[in-house]
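Contents: one structure, followed by commentary.
What you are looking at is a predicted structure, and each value in this text was computed from that prediction instead of being measured. Numbers for residues simply follow the sequence, beginning at 1.
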Amino acid sequence: MQPRVTPVTVLDAVRPVLARLPAHRRTTFELRLERWWPDLSAGVAAVHADALDVATRLAVIAAEGFAARPDELHVLDERRLLEPDRLQRPEQLGYACYTERFGGDLAGVGERLDYLAELGVTYLHLMPLLQPRDGDNDGGYAVADYRRVRPDLGTMDDLAALAGRLRERGMSLVVDLVLNHVAREHPWAVAARAGDERHRAYFHVFPDRTVPDAFERTVPEVFPDFAPGSFTADPDLDGWVWTTFNSWQWDLDWSNPDVLAEFAEIVLLLANAGVEVLRLDAIAFLWKRLGTTCQNEPEVHALTQALRTVARLAAPAVAFKAEAIVGPRDLVAYLGTGEHAGRVSDLAYHNTLMVQVWSMLAARDTRLARHALAALPDTPSTATWITYVRCHDDIGWAIDDADAAAVGLSGPAHRAFLSDWYAGDFPGSWSEGLVFQHNPATGDRRISGTAASLAGLGAGRRDADGAFARLFLAHAIVAAWGGIPVIWSGDELALPNDPYWAAEPGHGADNRWAHRPRVTDVDRAGRLRSGSDAARAFAGLAHLARVRASLPQLHGSVTPQVLLDTDDGLLVLVRRHPSGALVAVYNVTAEARPLSLPRLEHLLPGAPSSVLHDALSGHGVTAGADGIVHVPPYAAWWVVRGPAQVSPDIR
Ligand code: GLC
């Protein structure tokens, strides 16, 4: 017999909650507690002195969530525990959209699943759908009630029904967990404003500017343009409250155990509605420490570990996805490193890859990307990336000055070039992005725009073939990096920027709405009109998903190796999987670029009778007498060895 890990006092606390369950369920929970108690108590102990009390409280919340979990979700838990690598498999394809902009409401989304299935989608991220504040609410990221769905979209029951329909189609429902802040109208904030001390302690409130001024010396502004600073004076509070984002998004004080317990309940409420992946919004900002940027503090990972363990106890089918748009050096910690390995998020946005894709296309040069991507630490084997060409947010040029310097570039100058290029202000630019949040203090200019408009398919398009090639190339790079590639709604139809983005109340100052277009049935029908932009884009992306699903080499457990010594127009990545190797070859320029065939053959060893071919087009990879392969402009090849199988090149 092994010694018991779970303290007796904890068992005494959870057993009454479990008492009404059948014996096998009680056994399951106690086995899980035995397995995960060390993670729960360690996560809590890193932030709270009274760790045993707080962790016990969380274990009881987990037991309550477990007891309330519907039977079919217990079955889902069993299923998911049998496929621990599910999120890493190459069959995964994500799609992200606003419910109302894609299907009207939750029921409307449910009626459009055939369309998503045609694209190959297995993972559907519906943007914030819980009750937000009235008026501007940052696209739903200012939540006023976590227990209620926005009434125009449906109810919690509708959400659970949609999750069920998705499960039947092999699709996982992903929703946001906004945990850095709540709306000023959330009941906790309302109580704080009414003078309730318990709730005032949910927030960072200061009587005057002394402490805010001290923090602002090192805390960068997120929305310098429409919400400058990180603190807001609130007359009801008679003080200053921390507001990293907009003045009506109040940051929570995560050093307060009540906040942790509240969110443990919310996690399980969403889990029990059938949500399979929780997107931890703005997770990097959770912990504040004077003298720092107040991002990526170690306590963020401890808190994630505590919440993650609560989910593991009650609803192990649930995965966590970190939304930490941070520099490349800080990113990997969100997937679990050091003491948090295997204990935090299963997924994190690969912001660095996204930025490097656009940087390579504008610069027609891969030196910086090769250096920066090769310098990234290996991904923990239990976790994987969300890869994306762009999302609902703007693109911030997260390029490390040291990476830039290593390849002879100036970080600030390159970032300025990228902003100019994607705003269409640089001579020769094909892009039609919009400048978002120009910060005169730092010179930063972020960029909004749909993938099509950024790639050159906007209103002023000059070279549609080149633009389509860039669009396909960008998606091919993210589809074969490893992880779940997520398509932002409308990009599969090559929709350009929405010209009417500013017309909606509250949207006028936030041009991110330009790249969050409504996708109607008429837009979707465009994919059936042969030769249309929509048909070209949709066929290309669906083809990528199909080929990807057939290639075990693209399993997310493999970290790609970036070849550093290639032609500067090429990005060449080697993926070594037990089932064989794959070499991805991308030409980011509009001219043919050279690659050595003997080198490719060396990277892809195999029987002499087998041939090298590009799995995307089915074409063989051949060279002239000099052994040089001329990689065509904007080529995206996934080279494997095997019997040649020619499939039509549908691009
Ligand atoms: C995340 C969201 C962004 C939002 C912010 C504040 O970064 O992606 O859209 O503005 O969090 O919630």
Side-chain angles (χ1 to χ4, degrees), residues 93-127 129 152-154 158 162 165-166 168-171 173 388-392 432 449-461 464-465 467-472 474-476 479 485-501 503-504 513-549 647-651:
L93 176 73
Y95 188 85
C97 60
Y98 284 96
T99 302
E100 69 281 14
R101 290 178 168 248
F102 178 79
D105 58 15
L106 291 170
V109 171
E111 284 154 21
R112 288 165 178 83
L113 300 187
D114 285 347
Y115 172 81
L116 296 175
E118 195 182 318
L119 190 58
V121 171
T122 59
Y123 159 115
L124 178 63
H125 175 198
L126 294 180
M127 297 297 290
L129 43 71
D152 60 312
L153 302 181
D158 294 330
L162 176 63
R165 286 182 79 168
L166 287 165
E168 280 165 20
R169 310 284 303 247
M171 300 179 195
L173 177 61
Y388 60 121
V389 162
R390 62 103 182 177
C391 68
H392 71 288
E432 293 183 35
T450 66
S453 284
L454 295 179
L457 284 171
R461 63 207 272 168
D465 287 346
F468 270 109
R470 286 189 285 270
L471 198 62
F472 187 82
H475 280 98
V486 178
I487 296 172
W488 177 264
S489 185
D491 285 352
E492 79 281 16
L493 301 168
L495 294 189
N497 292 344
D498 176 359
Y500 308 110
W501 65 267
E504 246 166 272
W513 290 102
H515 59 233
R516 300 167 177 175
R518 290 177 191 282
V519 182
T520 64
D521 289 338
V522 174
D523 294 320
R524 279 183 281 268
R527 79 190 185 285
L528 306 171
R529 263 197 327 274
S530 120
S532 67
D533 282 4
R536 259 176 112 171
F538 193 94
L541 298 197
H543 178 70
L544 272 179
R546 267 193 310 274
V547 176
R548 180 181 138 86
S647 75
D649 184 346
I650 52 96
R651 269 174 279 157

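- With sequence neighbours left out, Asp521 forms a salt bridge (Lys or Arg N to Asp or Glu O under 4.0 Å) with Arg112, Arg524.
- Side chain of His515 to backbone of Gly449: a donor-acceptor contact under 3.5 angstrom is found.
- Annotation: salt bridge (Lys or Arg N to Asp or Glu O under 4.0 Å) contacts of Arg548 (sequence neighbours excluded): none.
- Nearest heavy-atom pair, Ser453 versus Asn497, reported as atom, atom and distance to 0.1 Å: OG-N, 2.9 Å.
- With sequence neighbours left out, the side chain to side chain contact (heavy atoms under 4.5 Å, CB included) criterion links Ala549 to Glu91.
- At distances below 3.5 Å, not a single donor-acceptor pair connects side-chain atoms of Glu111 with backbone N or O atoms of Val109.
- For the ring pair (Phe, Tyr, Trp, His ring centres under 6.0 Å) test, residues two or more places apart in sequence or in another chain that qualify with Tyr95 are Phe102.
- In this structure, His475 has no side-chain hydrogen bond (donor to acceptor under 3.5 Å, both in side chains) partners at least two apart in sequence or on a different chain.
- Remark: Asp533 pairs with Arg461 by the side-chain hydrogen bond (donor to acceptor under 3.5 Å, both in side chains) rule, at least two apart or across chains.
- For Ser532, there are no side-chain hydrogen bond (donor to acceptor under 3.5 Å, both in side chains) partners at least two apart in sequence or on another chain.
- Qualifying salt bridge (Lys or Arg N to Asp or Glu O under 4.0 Å) partners for Asp498, counting only residues two or more places apart in sequence or in other chains: none.
- For Arg470, the side-chain hydrogen bond (donor to acceptor under 3.5 Å, both in side chains) criterion is met by Tyr634, not counting sequence neighbours.
- Separation of atoms OG1 (Thr450) and CG (Leu493) is listed at 11.0 Å; rounding is to 0.5 Å.
- Atom-to-atom distance recorded for Glu100:CD and Asp152:CG is 7.0 Å, nearest 0.5 angstrom.
- In terms of heavy-atom proximity, Pro496 sits nearest to Leu457 at CB-O, 4.2 Å.
- Listed by chain and number, the residues in a ring pair (Phe, Tyr, Trp, His ring centres under 6.0 Å) with Tyr115 are Phe538 (sequence neighbours excluded).
- Evaluation of the salt bridge (Lys or Arg N to Asp or Glu O under 4.0 Å) rule for Glu118 yields Arg527 as partners, not counting sequence neighbours.
- In this structure, Trp501 has no ring pair (Phe, Tyr, Trp, His ring centres under 6.0 Å) partners at least two apart in sequence or on a different chain.
- Asp523 CG to Glu492 CD: the interatomic distance, rounded to the nearest 0.5 Å, is 9.5 Å.
- With Arg536 contributing its side chain and Phe468 its backbone, the two residues share no donor-acceptor pair below 3.5 Å.
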